[in-house]
Amino acid sequence: MGKLLQKAVALWRKLSPISYAYPAQDMALGARQLHLVGSIHMGTQTMMPLPAALQKKLARADALIVEADITSGASPFSASEICPPLAERLSERELEELQRVCREVAIDAEVIDRLPAWQLALMLQAQQAQRLGLRTDYGIDFQLLSAAKAQGKKIIELEGPQAQLDLLKALPDNGLSLLQDTLQHWHTNARLLQTMIGWWLETPPADSRPALPGTFNSALNEVLMLQRNQRWRQDLTALPPGEYVVAVGALHLYGEGNLPDLLKKG
């Protein structure tokens, strides 16, 4: 009778998963228990401290899994390839938009004129986030990593800073399409950032595929989202038995080809 009750409880939990007040879900992969967290890489001061439920999950976990340990000090901006002037890489209209955006975020357009396009795109996105009041040390990644290190937890990187840098450097034309998308979807990206902050401060999406604006073209989405989700699925299913908190960018938990759906398929 006791075993039947245990099976009934396990089935109920599977059919009625626990919901959290932040973007997260629990997933069992055999003897591996994953707490998938939709992280925001830069956050507001109001996102501190971490939710109590997440702190408890981390305290029980055997390890924290992140995309990359951003507390290691590695920076994608430490060395730059010298590229042709932006006037030779962008259309006249794109160049005008870039100059407008640079004025908005107080970046000297002349200083960044010979930078790789992917690096410039990241600089613009980071400056935009800062002007919205977001900071790296308020981000969920940073808070989780700091807490895990204070507790002596093992930290596992799905990629690491160097692998992420190599991915960006491998984009066609030094990531020109990433820069073009950043300029084209500048205001949309700001709204998306505010939406994701709301997932932590107010309520997370109830649907695994919420209606979200696109800020990547299909080719970039394939490389930066879908292919990475596939690689992470392989890494997570190969983990040894145990309990893990897995923090990845929030958008990897939602939409077409999201990580939870891939894990459910096995």
Side-chain angles (χ1 to χ4, degrees), residues 6-41 50-51 53-70 139-141 143-145 147-148 153-160 163-164 167 192 195-196 199-200 203-212 214 216 218 220-266:
Q6 289 178 355
K7 289 182 179 180
V9 170
L11 179 60
W12 179 83
R13 287 178 176 172
K14 184 176 181 180
L15 296 176
S16 305
I18 299 173
S19 60
Y20 295 92
Y22 54 94
Q25 60 180 279
D26 295 325
M27 186 161 295
L29 304 177
R32 308 167 197 86
Q33 301 295 322
L34 308 182
H35 183 61
L36 296 175
V37 179
S39 177
I40 308 295
H41 302 313
L50 293 170
L54 180 52
Q55 294 185 47
K56 290 179 181 178
K57 287 285 186 179
L58 181 62
R60 291 199 302 267
D62 296 298
L64 169 66
I65 301 176
V66 293
E67 295 179 26
D69 185 350
I70 59 172
I140 301 303
D141 302 51
Q143 292 188 65
L144 280 170
L145 283 161
K153 296 284 184 184
K154 182 179 181 181
I155 294 171
I156 300 172
E157 294 181 298
L158 290 170
E159 294 172 328
Q164 293 185 336
L167 179 66
L192 183 57
T195 295
M196 292 189 292
W199 293 349
W200 281 88
T203 183
D207 188 351
S208 65
R209 298 188 182 183
L212 296 171
F216 287 144
S218 59
L220 276 177
N221 189 65
E222 176 69 25
V223 173
L224 299 181
M225 300 295 292
L226 302 181
Q227 291 181 11
R228 293 170 77 201
N229 285 347
Q230 290 282 1
R231 289 195 295 271
W232 296 347
R233 179 193 66 80
Q234 295 174 358
D235 293 340
L236 294 174
T237 55
L239 288 168
E243 295 187 29
Y244 303 91
V245 171
V246 183
V248 297
L251 293 179
H252 289 279
L253 267 58
Y254 303 101
E256 191 74 29
N258 66 69
L259 182 59
D261 281 355
L262 292 177
L263 290 169
K264 290 172 185 176
K265 293 176 182 177

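The figures that follow rest on heavy atoms only: side chains count, while hydrogens, waters and symmetry mates do not. Note that the coordinates shown come from a computational prediction; the quantities given were computed from them, not determined experimentally.
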Separation of [Y] [atom2] from [X] [atom1] (nearest 0.5 Å):
X      : Y      : atom1 : atom2 : value
Gln33  : Tyr244 : CD    : OH    : 11.0 Å
Gln227 : Leu167 : CD    : CG    : 8.5 Å
His35  : Met27  : NE2   : CE    : 12.0 Å
Leu144 : Leu64  : CG    : CG    : 5.5 Å
Leu263 : Gln234 : CG    : CD    : 11.0 Å
Leu251 : Thr195 : CG    : OG1   : 10.0 Å

Taking all non-hydrogen atoms of both residues, which atom of [X] and which atom of [Y] are closest, and how far apart?
X      : Y      : answer
Ser39  : Ile140 : OG-CB, 3.4 Å
Leu50  : Gln143 : N-OE1, 3.5 Å
Pro210 : Pro205 : CG-CB, 4.0 Å
Leu145 : Ala68  : CD1-O, 4.1 Å
Tyr22  : Ala53  : OH-C, 3.9 Å

All pairs passing salt bridge (Lys or Arg N to Asp or Glu O under 4.0 Å) where residues 257-266 contributes a residue, at least two apart: Arg209-Asp261

All side-chain hydrogen bond (donor to acceptor under 3.5 Å, both in side chains) counterparts of Asn221, not counting sequence neighbours: none

How about [X] and [Y]: do any of their side-chain heavy atoms sit closer than 4.5 Å?
X      : Y      : value
Leu239 : Leu29  : no
Asp235 : Ile156 : no
Leu236 : Arg32  : no
Met225 : Glu256 : no
Val37  : Lys57  : no
Leu36  : Pro260 : yes

Listed partners of [X] passing side-chain contact (heavy atoms from CB on, under 4.5 Å), at least two apart:
X      : answer
Val248 : Glu67, Leu158, Trp232, Val246, His252, Leu253, Leu259
Lys56  : Arg60
Leu262 : Asn229, Gln230, Arg233
Lys153 : Ala148, Gln151

For Glu157, all residues meeting salt bridge (charged side-chain N to carboxylate O under 4.0 Å, His left out), sequence neighbours excluded: none

Tyr254: ring pair (Phe, Tyr, Trp, His ring centres under 6.0 Å) partners, not counting sequence neighbours: Trp199

Asp62 side-chain N/O to Glu243 backbone N/O, donor-acceptor pair under 3.5 Å: yes

